[in-house]
Amino acid sequence: MENTVYILHSIKLDKFYTGETADFNTRIEFHKNAESRKFTAKANDWTLFLKFQCENKTIAKKIELHIKKMKSKVYIKNLKKYPEIISKLKEKYKS
């Protein structure tokens, strides 16, 4: 079963949010209606910056954590600018 890795962006906060899910549409609705204690509730201008499919949940989770550990807006922007980075991440975490 494929999973989606997604990155949201808020201009208001100048922040990115990275997540993974098996049901992208339901997850986006969750973010739009997030409870006040959730990170995405801090802004109401979240837009989809990037999303891509992964072979399974294990790979998607590893890539999500990899992106979060980078703690870099430049890295996230480069994922969109250079799609081959995503391909390399999928290959790296496949095994």
Note to self: Would I63 and F52 count as a side chain to side chain contact (heavy atoms under 4.5 Å, CB included) here? Give the steps.
What the structure shows: CA-CA 11 Å; I63 292 174; F52 55 91; 3.8 Å; yes
Checklist line | Residues which pass side chain to side chain contact (heavy atoms under 4.5 Å, CB included) with E2, listed by chain and number, not counting sequence neighbours | finding: Q53
Item checked: Salt-bridge present (K32, E29; N to O < 4.0 Å) -> yes
Next item on the list: Evaluate whether atom NZ of K68 has more than 12 neighbouring non-hydrogen atoms of other residues, nucleotides or ligands under 6.0 angstrom away.
Entry: yes
Next item on the list: To the nearest 0.5 Å, tell me how far L89 CG sits from E84 CD.
Entry: 11.0 Å
Note to self: Please report the interatomic distance NE2(H9) to CG(D45), rounded to the nearest 0.5 Å.
What the structure shows: 8.0 Å
Note to self: I'd like to check K92 versus H66 (side-chain heavy atoms, cut-off strictly below 4.5 Å). Are they in contact?
What the structure shows: yes
Check: Between L13 and K42, which heavy-atom pair has the shortest distance, and what is it?
Finding: CD1-CB, 3.9 Å
Next item on the list: Look at atom OH of Y82 and say whether more than 12 heavy atoms of other residues, nucleotides or ligands are closer to it than 6.0 Å.
Entry: no
Next item on the list: Output, in order, the C-alpha distance, side-chain angles, deciding distance and verdict of side chain to side chain contact (heavy atoms under 4.5 Å, CB included) for L50 and I86.
Entry: CA-CA 11 Å; L50 178 67; I86 296 169; 3.9 Å; yes
Margin query: Is there a continuous path of hydrophobic side-chain contacts, each under 4.5 Å between heavy atoms, that joins I7 to I85?
Written below: yes
Note to self: Can you tell me how far apart CG (N33) and NZ (K38) are? Round to the nearest 0.5 Å.
What the structure shows: 13.5 Å
Note to self: Taking the side chain as everything from C-beta on, heavy atoms only, tell me whether I67 gets closer than 4.5 Å to I76.
What the structure shows: yes
Item checked: By ring pair (Phe, Tyr, Trp, His ring centres under 6.0 Å) - contacts of F24 (at least two apart) -> Y6
Next item on the list: List the steps and the verdict of ring pair (Phe, Tyr, Trp, His ring centres under 6.0 Å) for H31 and Y17.
Entry: CA-CA 10 Å; H31 289 304; Y17 176 87; 4.8 Å; yes
Check: Can you find a heavy atom in the side chain of T47 that is under 4.5 Å from one in the side chain of L8?
Finding: no
Note to self: I want to check something: taking the side chain as every heavy atom from C-beta on, are T4 and C54 in contact at a cut-off of under 4.5 Å?
What the structure shows: no
Item checked: Closest non-hydrogen atom pair, A34 against A41 -> O-CB, 3.7 Å
Next item on the list: With sequence neighbours excluded, tell me which residues meet side-chain hydrogen bond (donor to acceptor under 3.5 Å, both in side chains) with T26.
Entry: D23
Item checked: V5-Y75 co-clustered via ILVMFWY side chain contacts under 4.5 Å -> yes
Check: Between NZ of K80 and CZ of F49, what distance do you get to the nearest 0.5 Å?
Finding: 4.5 Å
Notebook entry, point to check: Going by an N to O cut-off under 4.0 Å, is there a salt bridge joining E64 and K61?
Noted result: yes
Next item on the list: Check whether any side-chain heavy atom of N78 sits under 4.5 Å from a side-chain heavy atom of K81, and report yes or no.
Entry: yes
Check: About how many Å separate NZ of K51 and OG1 of T21, when rounded to the nearest 0.5 Å?
Finding: 10.5 Å
Item checked: Joint hydrophobic cluster, F39 plus L48, side-chain heavy atoms closer than 4.5 Å -> yes
Next item on the list: Before accepting this row, confirm whether a basic side-chain N of the pair K90/E55 lies closer than 4.0 Å to the acidic partner's carboxylate O.
Entry: no
Note to self: Measuring from atom OG1 of T40 to atom CH2 of W46, what distance do you get when rounded to the nearest 0.5 angstrom?
What the structure shows: 7.0 Å
